[in-house]
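Small disclaimer: the values here were computed from a predicted structure and weren't measured. Throughout, residue positions are numbered sequentially from 1 according to the sequence presented.
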Amino acid sequence: MVKKIVFLISSICLCPGLSLAATCSQANLTRCLDSVCAINISSNPAARCQYCGTSSAGSPDTKNAMRSLSLGQSAKYTLSEKELKNAPTDPGKRYIWATEQCIKKIEGCTTEDVSDTYDKLIEQSCKAAGINAQMASLRADANKTVSKTTCSTDITACMVDSKRCGPDYRSCESDSEFNNFFAYCSVEAKGCDEYISDIRSDLMSLRDNTIKNADLAIDNIVSAYQNARTKKVSDAKSACANNTGRDSCIKIVCERNMPNKCGEGYESEKSAATQFCKFYELACDTLK
C-alpha cells in the first residue's frame with residue numbers, strides 16, 4: 001500500500017506542465033492587437049498610430065475600412081466585429097481596451113508583453129503618419145493645378161517608399177498589391193486627378209521593367225528624388241523672390257498675434273513682426 005502511495009505522489013510531481021506557467025505567444029498577441037488597432041493597414045500604414053496611438057495622427061477612414069483575417073488564421077486569436085463595437089474611439093483608451101481584451105484571450109500574456117510586442121509597431125506606424133502629414137503640408141493648396149511631371153514625381157516617390165512597393169517594386173509584384181498602394185498614393189497627390197490614369201499606366205510599365213531588370217531601378221529612383229529636390233528648391237526660391245515669403249509671414253504674425261493687427265499708428269507691432277520673420281531673409285540668403 002505504501003509503495004502505491006509513493007508511486008502516485010512521484011507520478012504527480014513528475015507530470016510535465018503542472019508547475020510551468022504558459023508562455024505568451026507574441027505572434028498570437030500581435031494578431032489579437034492588430035484586429036483592434038491595424039484595421040485596413042494594407043492601404044493605410046498609419047492605421048496602428050491612428051487607432052491605438054495618438055489622435056494627432058488623424059482619424060482612420062472607418063467608413064471604408066475593411067477587416068479580413070488571413071487565410072487559415074484562427075479567429076480565436078482575434079476580436080470579432082461584434083466585440084469591436086465596444087472598442088473606444090479615442091486612441092489611448094482603445095489601446096488600453098485592446099490590451100485588456102487580448103491578455104484575456106491569449107494565454108500567458110501580460111501588459112508588459114503587450115508593451116514589448118506592440119509599442120514598437122505603433123511607433124513605426126506613427127512615423128508613417130508623420131511622413132503623410134509632412135507630404136500634406138507640402139501640398140497645402142489642394143485646389144492648385146499642378147503639372148503632370150510634378151504629379152508623376154510625387155506619386156513615384158510615394159510608391160517606391162520602403163513601406164509600400166519598395167525601390168525594386170518587389171512588394172508590388174501582384175496587381176492587387178500595386179493597386180492598393182497606388183490608390184493610397186494617388187489620394188495623397190492633390191490636384192492630379194486628370195493625370196492619374198496615365199501615371200498608373202506608366203508606373204505599371206515601370207514596375208514590370210524594373211522587376212525584369214533590377215539595374216534600371218537605381219536610375220529611376222535617383223531621378224525621382226532629384227526631381228523632388230529640384231522642385232523643393234524651386235518652390236523655396238519662388239517664396240524668396242521679392243520677399244513674398246517674408247511678407248506673408250509678417251502678415252500672418254500681425255493678424256494672429258498682434259492685438260492691433262499692425263494697423264496704422266502701431267508701427268511697433270509691425271517692427272516686432274518683421275523682426276520675428278527675419279529668419280526668411282537668412283534662409284533666402286543661403287539660396288542665392
Rounded to the nearest 0.5 Å, what's the gap from [atom1] on [X] to [atom2] on [Y]? Could you check?
| X | Y | atom1 | atom2 | answer |
| --- | --- | --- | --- | --- |
| Lys270 | Ser268 | NZ | OG | 12.0 Å |
| Asp208 | Cys172 | CG | SG | 11.5 Å |
| Lys120 | Ser125 | NZ | OG | 14.0 Å |
| Glu107 | Ser25 | CD | OG | 11.0 Å |
| Thr156 | Ile199 | OG1 | CD1 | 7.5 Å |
| Cys126 | Leu121 | SG | CG | 11.0 Å |

Side-chain polar contacts of residues 251-261 - donor-acceptor pairs under 3.5 angstrom, sequence neighbours left out - could you list them?
| from | atom 1 | to | atom 2 | distance (Å) |
| --- | --- | --- | --- | --- |
| Asn260 | ND2 | Glu269 | OE2 | 2.9 |
| Lys261 | NZ | Glu255 | O | 2.6 |

Just by modelled atom types, is the [Y] backbone N or O under 3.5 Å from a matching donor or acceptor in the [X] side chain?
| X | Y | answer |
| --- | --- | --- |
| Thr30 | Gln26 | yes |
| Ser35 | Cys32 | yes |
| Ser115 | Glu112 | no |
| Thr54 | Ala57 | no |
| Arg164 | Cys158 | yes |
| Asn44 | Asn40 | no |
| Thr153 | Thr149 | yes |
| Ser201 | Ser197 | yes |

What verdict does the side chain to side chain contact (heavy atoms under 4.5 Å, CB included) test give for Cys102 and Leu33, after you've listed the backbone C-alpha separation in whole Å, the side-chain angles of each residue and the deciding distance to 0.1 Å?
CA-CA 7 Å; Cys102 289; Leu33 294 168; 3.8 Å; yes
Atom of [X], atom of [Y] and distance for their closest heavy-atom approach:
| X | Y | answer |
| --- | --- | --- |
| Cys249 | Tyr280 | CB-CE1, 3.4 Å |
| Cys37 | Tyr118 | CB-OH, 3.5 Å |
| Pro91 | Gln50 | CG-O, 3.4 Å |
| Lys105 | Leu79 | CE-CD2, 3.4 Å |

Taking C-beta and beyond as the side chain, do [X] and [Y] meet within less than 4.5 Å on heavy atoms?
| X | Y | value |
| --- | --- | --- |
| Lys148 | Cys151 | no |
| Leu84 | Val36 | yes |
| Asp175 | Arg207 | yes |

From CA spacing to verdict: side chain to side chain contact (heavy atoms under 4.5 Å, CB included), Phe182, Met204:
CA-CA 10 Å; Phe182 185 82; Met204 285 282 279; over 6 Å; no
Under a single-linkage definition using a 4.5 Å side-chain heavy-atom cutoff for Ile, Leu, Val, Met, Phe, Trp and Tyr, are [X] and [Y] assigned to the same hydrophobic cluster?
| X | Y | result |
| --- | --- | --- |
| Ile96 | Ile122 | no |
| Tyr266 | Ile250 | no |
| Leu206 | Ile196 | yes |

Could you work out, with side chain to side chain contact (heavy atoms under 4.5 Å, CB included) as the rule, every residue matching Cys24, not counting sequence neighbours?
Leu29, Cys109, Asp113
Hey, what's the ring geometry for Phe276 with Phe279, parallel, tilted or perpendicular (30° and 60° as the breaks)?
perpendicular
Starting from the C-alpha separation in whole Å, work towards a yes-or-no answer on side chain to side chain contact (heavy atoms under 4.5 Å, CB included) for Glu173 and Phe178.
CA-CA 7 Å; Glu173 290 191 64; Phe178 178 93; over 6 Å; no
Stepwise salt bridge (charged side-chain N to carboxylate O under 4.0 Å, His left out) check, Lys231 with Asp154:
CA-CA 10 Å; Lys231 181 178 180 297; Asp154 289 348; 5.4 Å; no
Enumerate the side-chain hydrogen bond (donor to acceptor under 3.5 Å, both in side chains) contacts for residues 93-104, please, sequence neighbours excluded, ordered by first and then second residue.
Tyr95-Asp119
Can you check side chain to side chain contact (heavy atoms under 4.5 Å, CB included) on Ile155 and Tyr195, steps first, answer last?
CA-CA 11 Å; Ile155 294 176; Tyr195 311 121; over 6 Å; no
Side chain to side chain donor-acceptor pair (under 3.5 Å) between Ser174 and Glu177, intermediate numbers included
CA-CA 5 Å; Ser174 73; Glu177 292 170 326; 3.0 Å; yes
